[in-house]
Amino acid sequence: MHISDGVLSLPVVAAGWIITVALLVITLRWGERDKSIAEQIPKLSIMTGAFFVASLIHVSVGPTSVHLILNGLLGVVLGVLSYPAMFIGLTLQALLFQHGGLTVLGVNTMIMGVPGLISYAVFKTGYKRNISLTALGALCGALATVLAVILLAVVLVTTGEEFVAVAKLAAVAHVPIMIVEAIVTGFVVAYLAKVKPELLPVDLGDKR
Amino acid sequence: MTKEAVSIRDLNYSYPDGTVALEDINITIEEGERIAIIGQNGAGKTTLFLHLNGTIKSCDNNVVIFGKDIGQMKSKERIEKVGVVFQDPDDQLFMPTIFDDVAFGPINMGLDEDEVERRVRSALATVGLTGFEDRVPHHLSYGQKKRAALAAVLSMEPRILVLDEPTANLDPMNRASLIELINDLNRDKGITTIVAMHDVNAVSQLADRIYVLNKRMVAEGPPTEIFMDFDLLRENNLDAPDVFKLFSVLSCFGFNCESLPLSINEAVEVLTKTIEGDEKHVHLHIHEHTHEDLEVLMHRYDHHHG
Amino acid sequence: MTKEAVSIRDLNYSYPDGTVALEDINITIEEGERIAIIGQNGAGKTTLFLHLNGTIKSCDNNVVIFGKDIGQMKSKERIEKVGVVFQDPDDQLFMPTIFDDVAFGPINMGLDEDEVERRVRSALATVGLTGFEDRVPHHLSYGQKKRAALAAVLSMEPRILVLDEPTANLDPMNRASLIELINDLNRDKGITTIVAMHDVNAVSQLADRIYVLNKRMVAEGPPTEIFMDFDLLRENNLDAPDVFKLFSVLSCFGFNCESLPLSINEAVEVLTKTIEGDEKHVHLHIHEHTHEDLEVLMHRYDHHHG
Amino acid sequence: MDYPEIDRYASLDSPIHRFDPRAKIITFVLLLISFVFVQKISVAFLALLFSLLLLLVSKLPIRFILKRVQIVLIFVLPLLIIMPLTVKGTELFSVFGISATREGLWYASLIVIRSMAAVILILTMLGSMRFDTTIKALYTLKAPKTLVQMLMFTYRYIFVIIDEFLSMWRAMSAKGFNPRTNMYGLSVMGNMVGMLIVKSYERGERVYQAMISRGYTGNPKTRTAFAMRRTDYVLSAIFVGIAILVHINTVMM
């Protein structure tokens, strides 16, 4: 659901860049609390690569096939640094595969990245309330998709009333994707909890 | 009469970018044989294996397994006939538990729960991993992972077992036990085994017949014959087993035996037999041509001038 | 008097989760030595290597390189002293082009552009990859990647070169040329080389002295001594080289030589010398204890009962 | 899954290939920004023609371009159907009681033309230099260091991870796995994604160690031998001129 170049209006594109640049600055600063960013770059980059490759996986839904988005999972695993990771991932998608555009990178990163950040917060909060990790994962997967679709719709409609119907259609088209994302994210979180719990932003020490 | 397990006729395959991977491959393997396919990196071993169980489909119906074109088989039949164990166990174990990984094939075959359960237990017992059902594959040692990957294929109870580099990176104990295990499967269950190997020192322990692959099948024959052919080895960047080389050296010193041994065990046999047959002793001596012969021999085994 | 290149005293290290990785390690390596560290998977080789160049810092100042505590060294000095080549070349070729990868160390050392350029050319020439400057790592073969990773360390011109499994997964030609290359660096440039290896058949070609690691240093000595010690090998799940085993077998048939050879080349020497020294011939014969001795020997080499 | 071969034809020779990478990036991005906000169909069409002209000059194979343009078309072409039917305005024609409007068609056409011009520009720019050159040019252009480094390392390891993914996929197919969109199929996919993440995390640790042991300080430099020549300045001036002209034109009309 990445928007291509040439679709959005100048004010929307500019607003997208302002928000994304601000969030990049904030998240990169924040990500430096415990460890310098230089130390984290190699691991962060390679994991961004893993998410990039995972997002190339096709899942057939009815007659068409969709790509995994995994922005909720990205938020859960990478925390605040999911935002720069998303920015890099989308840059590479635009440059290497023409999924989405260059001028709209700010907007696209916001559409995908903000729900990722929210998923991270939800995951941490939900864990404190003793919700099962798998369910939380599924919730974050679904939530991140829904939020992304809402943001997409807002961005389109802000560009022009002409997009109202398009935005509605896009929202409907994403219902199956939301379900797929929820299930896959749930399973990934369950897998990570079992195999590499330190990748989740919660301390499983007492629950394992 | 034994049955033909594998029959490949004039198989050609190119990668999507046009590079030729396999050219004019012809193979016939009888049921119950132990085969090794040797060849350097990039010789096409993996591609050939993927044809063997129909993961890559040839358009010309030229891969025939037990008399039936593999292209015509349903997925279940295909994987029941040929099981492929790849080299890196990390690529093959992706489920949260060993049980799930070993059950993966049987579940895809559509077997019922009890049968899946039975097969998992039996496969794990075969490879010596009973009790590991709930362990996380990723946390196992390399040797254990290697055996788990084998169990995950054995649970499909294939008639033909294909293994890519089964002994690579294993320590001596794990290597010895894996070789024994593969041979047991061949002997006790009559499974046809096909291995691809770099480690020529272990080849003779796992194969009675060798194919040398280098995009084409450049040679075929029993190990001793293959390792005798210096030019063949040189051209295909292959080595002879150390024991074999050493007996070639001994023969320069006048040691004569019927056929050169390929492993330590064979060497002991050959030595005992030769010495006993030769009135309880053998002379090693330096004759007229010894130094010359040695020089030629060592030059042939030297890979720097390859 | 030669200088001490490496001196480690009472080194202990545990992983963050509490598992002990290294215990009471004591090592002294003289400048210019060729050392092999052998041990099964998980014996702690990688952890030890990370201490050697200060990537993991010990708190007790017990890793001393050329007389100086590595914990006190600046980054530049550290990497100039000790270069580590890890096993998987993909982990070490992280830059966009081979040039950038080989230049990575020198640039971090703060060298000027001309010197960086000179070192890159020289390192690439040493490993035989001249002309590969602008290639991307993804398009190299495994053997080329392995050599590029070595070049990326050589460009820092370290006095001590540490290599983790330099020959693993290489075909005979690449293995032979890499072994030759490492030995050239030792002989011509006086670089102290420390290798970790599984492949005991190649160990003697790369080391004059062996440490056996199993969290602790369980043994130390020249290869022949180490491989003679059956119990040591058994306990640490190690194998002896095939050539060595075969000469043990020959000794059961009455072949006597001063020290058992470890490689084919040594074997030729030993045979020639022994036979020439023994009035141009040697008797192999079955004596009273031959069969008995053979049985004991073969049982000792059999890893199934380990 | 294919490797990202965006720079497959970077070794061709053309004025665009020879254009200084830094100047190329700046001027093409300027053209891009200029073209995507054009408000008149006629001007947008001219912009598209100009993009096509650059493409023609670059000698990049048409098949390479088509395959990639297609991806954008899948996204924007539906607008040509949806918008005329949903946007209010002057009726153009009507079928079965559903009417299509001139405004809808106009707006959708504008978007399609602009995005075509944009994607062709981007493909011409990226297709005519190696991707590592693009990254290095961004470095020398003082793009934020952290982000450029991430871009560089991520790009490098995409190839390694794709290989890992393909090996896993082969092993799964060899065990009769059929990717279906049901609970089981998605659970397997979830595990596979999980495994990719775990492997990458561990590789990240190893790569970091390898970097530290070669003196990594957080600022890897790379070699660049960029040099602006006279033709580079001329080309740049022309491109910047066109980027501005497109909008002066709009304002004046």
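The sequence lines fix the lettering, A, B, ..., with proteins before strands; numbering per chain opens at 1.
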* Looking only at heavy atoms, what is the nearest atom pair of A:L95 and D:I6, with distance? -> O-CD1, 3.4 Å

* **Contact leader toward chain A among D:P144, D:G194, D:P78, where contacts are heavy-atom pairs under 4.5 Å** => D:G194

* From D:M150 CE over to A:T91 OG1, what is the distance, rounded to the nearest 0.5 angstrom? -> 9.5 Å

* Of the backbone (N, CA, C, O) and the side chain (C-beta and beyond), which part of A:L192 lies under 4.5 Å from a heavy atom of chain D, both, or neither? -> side chain

* Asked: Most heavy-atom pairs under 4.5 angstrom with chain A, which of D:V207, D:L32, D:D7?
  -> D:L32

* Heavy-atom contact with chain A under 4.5 Å, split by part of D:Y216 -> side chain

* Region of D:V87 in contact with chain A, defined by heavy-atom distances below 4.5 Å -> side chain

* After noting the C-alpha distance and the side-chain angles of A:V53 and D:L196, does the key distance pass the side chain to side chain contact (heavy atoms under 4.5 Å, CB included) rule? -> CA-CA 9 Å; A:V53 172; D:L196 276 185; 4.3 Å; yes

* Can you name the residues of residues 99-111 of chain D that have some heavy atom under 4.5 Å away from a heavy atom in chain A? -> D:Y107, D:I111

* Asked: How long is the gap from OH on D:Y155 to CG on A:L92, to the nearest 0.5 Å?
  -> 9.0 Å

* Winner by heavy-atom pair count (cut-off under 4.5 Å) against chain A, out of D:M125, D:M192, D:R156, D:E202 -> D:E202

* Considering non-hydrogen atoms only, spot the tightest contact between A:F187 and D:N191 and give its length. => O-OD1, 4.4 Å

* To do: Heavy atoms only, distances under 4.5 angstrom: which of D:T154, D:V119, D:L186, D:V36 has the most pairs with chain A? Name it, please.
  => D:T154

* D:R63 CZ: over 12 foreign heavy atoms closer than 6.0 Å -> no

* **Cation-aromatic face contact A:K43/D:Y201, 6.0 Å, 45 degrees** => yes

* Asked: With the threshold set at 4.0 Å, does a side-chain nitrogen-carboxylate oxygen contact exist between A:E161 and D:K88?
  -> no

* Might you point out which heavy atoms bring D:V72 and A:Q98 nearest each other, and give the distance in Å? => CG2-O, 3.8 Å

* Asked: By a 4.5 Å heavy-atom criterion (distance strictly below it), what part of D:V198 contacts chain A: side chain, backbone, both, or neither?
  -> both

* Determine the minimum heavy-atom distance between D:L147 and A:I88, stating which atoms define it. => O-CD1, 3.4 Å

* Mind checking whether A:F51 and D:I197 have side chains closer than 4.5 Å, heavy atoms only? -> yes

* Structure fact -> Shortest non-hydrogen pair, A:H2 vs D:F75, comes out as O-CE1, 3.6 Å

* Part of D:F153 within contact of chain A (heavy atom distance under 4.5 Å) -> both

* Asked: Tell me, side chain or backbone of D:I162 under 4.5 Å from chain A's heavy atoms, or both, or neither?
  -> both

* Roughly how far apart are A:L102 CG and D:I122 CD1, rounded to 0.5 Å? -> 4.0 Å

* Would you name the heavy atoms of A:S9 and D:F37 that are closest together and state the gap between them? => C-CE2, 3.7 Å

* If you tally heavy-atom pairs under 4.5 Å against chain D, which of A:A54, A:A190, A:A50 wins? -> A:A50

* Structure fact -> The reported gap from CZ in D:R68 to NE2 in A:H99 (rounded to nearest 0.5 angstrom) is 9.5 Å

* Pick from D:S115, D:G89, D:P179 with the largest number of heavy-atom pairs that fall under 4.5 Å of chain A -> D:S115

* Asked: Roughly how far, to the nearest 0.5 Å, is CE of D:M183 from CD1 of A:I183?
  -> 4.5 Å

* Structure fact -> CG (D:L79) and CG (A:L156) are apart, to the nearest 0.5 Å, by 8.5 Å

* Asked: Do D:F131 and A:L96 come within less than 4.5 Å of each other through their side chains, counting heavy atoms only?
  -> yes

